[in-house]
> 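Before we start, here is the structure in question, set down as structure tokens.
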Amino acid sequence: MPELPEVESARSVIERSALGRRIVDVDDSDTYECRPHAPGEIRAALLGRRLTAAHRRGKSIWCETSGVGRSRTPGPALGVHLGMSGRVLVTQRDQTDEGGDYVGTGRSGQSAQSRHNPTWDRFTLTFADGDTLRLFDKRRLGRVRLDPDIDALGPDAGEITPAEFRDRVGRGTAPLKARLLDQATLAGVGNLLADEVLWQAHLDPRRPAGELDADELAGLRRELRKAIRHAIRHGGVHTGEIIDYRTRGAHCPRCGTAMTRATVGGRTTWWCPKEQR
DNA sequence: ACACGTGTTATGCG
DNA sequence: TCGCATAACACGTG
């Protein structure tokens, strides 16, 4: 579920409610979520430190950490990736969770029991005042790691300049949608956001990316920024206009043409075959 | 019961 | 080595 907008709200929760307090316990026993670290490795690296800042590029979050005790030497960065189903929850002593409840699964929302089921807590930091920061992740494709390689990612999709966008996205023979999904090209676009933006920009997801002209690339970037802002404001990529029409029997809400479904760039893709060229 | 999947990454091929 | 396609990963959901 999480794409750039949802990840930004998770980052914001950490910044607002998890910085500055001493870490007194770390549960890093989920070896899959914490790959490639051995159990206890992250724990040993973080005990006694504090989170001092929360950053994001695309779908990746990383937190700076303080020195231990009075040491000025900062600790390793704590990288958090939500994968397909991860949520960051900061639980206060009064048991209320902050974060993780972004609107926009659009469907059922989460039940009270799934919200508190510890089975899906894959990583937990406990602070000196008793609060906890947890990575709650049913599908277990999220990831926590020390010093993640952020430079392997392209520029953030919400901040990329027009020139960078033209040079990085508008090249190659891969389908346009595959280019948008490539996190090394541009960080933060997932499957749903890609379909939304391509529909808004009237572009065929199968077009070789290098064939787009300057106007088309400028329009695509404009729609991308618009869609990201809209999703952050309204609670996630599920609030996009075309998302509900990514289903069998649906018709384009602008022109009424039956929506087409195919695999493009390795992912299920829906588009309007009449308007998207 | 079974196919599907909103993310990343390893592998293989030309 | 590069660009691209595909499979694999884990496991809940419809």
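The chains referred to below are lettered A, B, ... by the order of the sequence lines, with proteins before strands, and numbering in each begins at 1.
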> For A/R35 and B/dT9, give me the distance from atom CZ to atom P, rounded to whole Å.
8 Å
> Rounded to whole Å, please give me the gap between CG in A/L181 and C1' in B/dT9.
14 Å
> Using a heavy-atom cut-off of 4.0 Å across all strands, would you classify A/P175 as base, sugar-phosphate, or nothing?
sugar-phosphate
> Does A/Q183 place a side-chain N or O at less than 4.0 Å from the phosphate oxygens OP1/OP2 of B/dT8?
yes
> Regarding B/dT8, can its base be found pairing with the side chain of A/R267 as donor and acceptor, where the two atoms are less than 3.5 Å apart?
yes
> Which base, if any, makes a Watson-Crick or G-U wobble pair with C/dA10, both distances under 3.5 Å?
none
> Please name the residue in the list A/L133, A/L51, A/T126, A/T65 that meets the side-chain contact (heavy atoms from CB on, under 4.5 Å) test with A/I23.
A/L51
> If only side-chain N and O atoms of A/W120 are considered, is one of them under 4.0 Å from the OP1 or OP2 phosphate oxygen of C/dG12?
yes
> How far, in whole Å, is B/dA3 from C/dA7 if one measures between their P atoms?
16 Å
> Is the shortest side-chain heavy-atom distance between A/W271 and A/L198 below 4.5 Å?
no
> A/L180 has an atom CG; how far is it from atom P of C/dC4, in whole Å?
13 Å
> On a whole-Å scale, what distance lies between the P atoms belonging to B/dT11 and C/dA10?
15 Å
> Could you tell me how far apart A/L4 (CG) and B/dT8 (P) are, to the nearest whole angstrom?
11 Å
> What integer distance in Å separates A/M84:CE from C/dA10:C1'?
10 Å
> Touch check for A/R179, heavy atoms < 4.0 angstrom, all strands: base, sugar-phosphate only, or nothing?
sugar-phosphate
> Is the phosphate of C/dA10 approached by A/K138 (side-chain N or O, under 4.0 Å from OP1 or OP2)?
no
> If you pin A/A178 and A/Y32 to their nearest nucleotides in DNA chain C, which one's is more 5'?
A/A178
> Got a salt bridge between A/R246 and A/D195, using NZ or NE/NH1/NH2 to carboxylate O under 4.0 Å?
yes
> Taking CG from A/L186 and P from B/dT8, how many angstroms apart are they, rounded to a whole number?
12 Å
> Considering only heavy atoms from C-beta outward, does the side chain of A/L176 approach that of A/L203 to under 4.5 Å?
yes
> Could you check whether A/G266 gets within reach of a base, just the sugar-phosphate, or nothing at all, counting any heavy atom under 4.0 Å?
nothing
> Once you apply the 3.5 Å cut-off to both distances, tell me the Watson-Crick or G-U wobble partner of C/dG3, or none.
B/dC13
> Using a 4.0 Å heavy-atom cut-off, does A/R248 contact any base of the nucleic acid, only the sugar-phosphate backbone, or nothing at all?
nothing
> Can you measure A/R168 atom CZ to C/dC2 atom P for me and round it to whole angstrom units?
14 Å
> Is there a side-chain contact between A/D182 and A/L186 in this structure, where contact means two heavy atoms from C-beta onward sitting under 4.5 Å apart?
no
> Should we count CZ of A/R21 as having more than 12 external heavy atoms under 6.0 Å?
yes
> Respond yes when some side-chain nitrogen or oxygen of A/H81 is under 4.0 Å from OP1 or OP2 of B/dG7, and no when none is.
no
> Let me know the distance between CG of A/D149 and P of B/dT8, rounded to the nearest Å.
14 Å
> For a quick test of reading the model: is some side-chain N or O of A/T173 closer than 4.0 Å to OP1 or OP2 of C/dC4?
yes
